[in-house]
Chemist: 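Submitted below is the structure of interest, expressed as structure tokens.
Order of the sequence lines fixes the chain letters, A, B, ..., with proteins taken first and strands second; residue numbering starts at 1 for each chain.
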Number of protein chains: 2
Amino acid sequence: MSFSYEYARPNLTVDVVVLGYHEDKGAGALSLLLIKRGVEPFKDRWALPGGFVRMDESLEESALRELDEEAGVRDVFLEQLYTFGEVGRDPRGRVVSVAYYALVEPTKFTLKASTDAAQAKWFPLSKFPKLAFDHAEIVKTALNRLRNKVRYEPIGFELLPRKFTLSQLQSLYEVILGHELDKRNFRRKILSFGILKELEDKVEGVPYRAPSLYRFEEAKYRSFIKSGFVFEI
Amino acid sequence: MSFSYEYARPNLTVDVVVLGYHEDKGAGALSLLLIKRGVEPFKDRWALPGGFVRMDESLEESALRELDEEAGVRDVFLEQLYTFGEVGRDPRGRVVSVAYYALVEPTKFTLKASTDAAQAKWFPLSKFPKLAFDHAEIVKTALNRLRNKVRYEPIGFELLPRKFTLSQLQSLYEVILGHELDKRNFRRKILSFGILKELEDKVEGVPYRAPSLYRFEEAKYRSFIKSGFVFEI
DNA sequence: CCAAAAGTGTTTCACTTACACCCATGA
DNA sequence: TCATGGGTGTAAGTGAAACACTTTTGG
């Protein structure tokens, strides 16, 4: 490596805001995956999964690796969020962090059992502990991004099981957007896009009319996009 | 500074996509501010203004400093864009770059005279030279951001003089969005927001009906936003 | 037969779109 | 008086929002 000047270099980390959707008997709430820190600074405080970027991996690879190592989470929707670089954000010295956010269907994983180094756990977004560093701000940024993006890109499906009912989908949107939606209007609109396939099987064992199950047809969505189609809730 | 492990650290730079709007006898076109590199690698190639992040400055401060030092550009709209961190993007070794984009009214500045180190120049976005590093990709990302953002935030005004005519504003939007707009509908809509103030003075010396000048009232915009108002073209 | 959520249409209202002519000015 | 862009209103169409009852199922 040859640089004309050798500058002192900030340290570079990635941090990932992992969001999930947990259904508590019909209600449903967003949740946040946190790691309990095993080392100083902020030892025993909860923090976002993340760590130092290695020389031989891209930023995204770094985020995926940390997710896997620290929480056992793999194969998820991941998108770069923002890079946090205020001078005093890490007590150890200058650390710049590239933040990502991930959307996860929580039942797809069993969180990594706690080791001496780390312990992973879901917290409801409405009530999670005080976080290390400036991680609370990063979470806030991720939520804003999610709330904006969910309206014009079909990323909500990342939070649901592959088969879902329209009511589940509507509840999810209501939780993310923070307000109620009209059932008939919601159904009409979401179905009008033609990107949901109604499946043969229905939900069984419920003490009311069995709802249909649907699947998001990503391939169809992509081809629609190419012909100028715009998804918008 | 004390880290449990001293990792090898990627180098960290900022790069800024500076966009301007030049009016060529009514037509109008977006332009891009580039710096001619004075050193290897890519010596004598055009590149985005930017440079290494120092230990005692935030990312945004770093971007502002580079803009001032390399081009003499100050007091402009600046927003973080994306962080580029592919392993092979810089031939010197591992360099991660936090990209920003700036919107500038070009007549506000006289570009820094060329020194032995650097030379700054505007290029039309429709035709600019081959760029160093992955800077062409960064420019593409910035343009996408601008095209999206201009529709729901009043950032277009950053590219115009403080006093402008509605026709100028419309042309600007047409250039950014890439398609023509209906004059009557555009005027009705933009005026309906109530964030433009019609000024007393008119354009003089034109061989046709003198157009009114307007000013963007940012304070009013901000207060509207607080009461739930949504800007959308 | 009761409780619970699924599923289904229509009307109203607001907003977007399309469209063409007269006006003011300087040369 | 001519050339040039400035400035203005209306009608038709489209999409969003509001709204309530019947259906199905398991217990």
Chemist: For D/dT8 and B/Arg188 - does any side-chain N or O of the residue sit under 4.0 Å from the phosphate oxygens OP1/OP2?
Modeler: no
Chemist: Can you find a donor-acceptor N/O pair under 3.5 angstrom joining the side chain of A/Arg184 to the base of D/dT22?
Modeler: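 It does not, because no donor-acceptor pair links the side chain of A/Arg184 to the base of D/dT22 below 3.5 Å.
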Chemist: Mapping B/Asn185 and A/Ala210 onto DNA chain C by nearest heavy atom, which one lands closer to the 5' end?
Modeler: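 Closest to the 5' end, via its nearest nucleotide, is A/Ala210.
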Chemist: For A/Gly50, does its backbone N or O pair with a side-chain atom of A/Glu70 as donor and acceptor, under 3.5 Å?
Modeler: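 Such a contact is found between A/Glu70 side chain and A/Gly50 backbone.
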Chemist: Please tell me whether B/Glu79 and B/Tyr101 have a donor and an acceptor in their side chains that are separated by less than 3.5 angstrom.
Modeler: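 Their side chains do contain a donor-acceptor pair, which is all the 3.5 Å distance test asks for.
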Chemist: Could you tell me whether the phosphate oxygens of D/dG7, OP1 or OP2, come under 4.0 Å of any side-chain nitrogen or oxygen in B/Ser212?
Modeler: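 For D/dG7, OP1/OP2 do have a side-chain N/O of B/Ser212 under 4.0 Å.
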Chemist: Please figure out whether B/Glu232 or B/Lys183 has its closest DNA chain C nucleotide nearer the 5' end.
Modeler: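 The residue mapped nearer the 5' terminus is B/Glu232.
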Chemist: Under 3.5 Å, which donor-acceptor pairs do the side chains of residues 188-196 of chain B form with other protein atoms, sequence neighbours left out?
Modeler:
from	atom 1	to	atom 2	distance (Å)
B/Arg188	NH2	B/Asn185	OD1	2.6
B/Lys189	NZ	B/Glu232	O	3.4
B/Ser192	OG	B/Lys189	O	2.6

Chemist: Centroid-to-centroid, B/Phe157 to B/Phe216, below 6.0 Å?
Modeler: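 They qualify: ring centres under 6.0 Å apart.
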Chemist: Bend across the helix from C/dC1-D/dG27 to C/dA27-D/dT1, to 10°, with axes taken over 5 pairs at each end?
Modeler: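 Roughly 0° between the end axes, to the nearest 10°.
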Chemist: Does A/Lys197, at its NZ atom, have more than 12 non-hydrogen atoms belonging to other residues, nucleotides or ligands within less than 6.0 Å?
Modeler: no
Chemist: Answer yes if the ring centres of B/Phe128 and B/Phe123 are under 6.0 angstrom apart, and no otherwise.
Modeler: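 They do not qualify: ring centres at least 6.0 Å apart.
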Chemist: Where the side chain of B/Tyr208 is defined as all heavy atoms beyond and including C-beta, which of C/dA5, D/dG5, D/dA18 is the nearest nucleotide?
Modeler: D/dG5
Chemist: Quick one: the side chain of B/Arg209 and the base of D/dT8, do they pair up donor-acceptor inside 3.5 Å?
Modeler: no
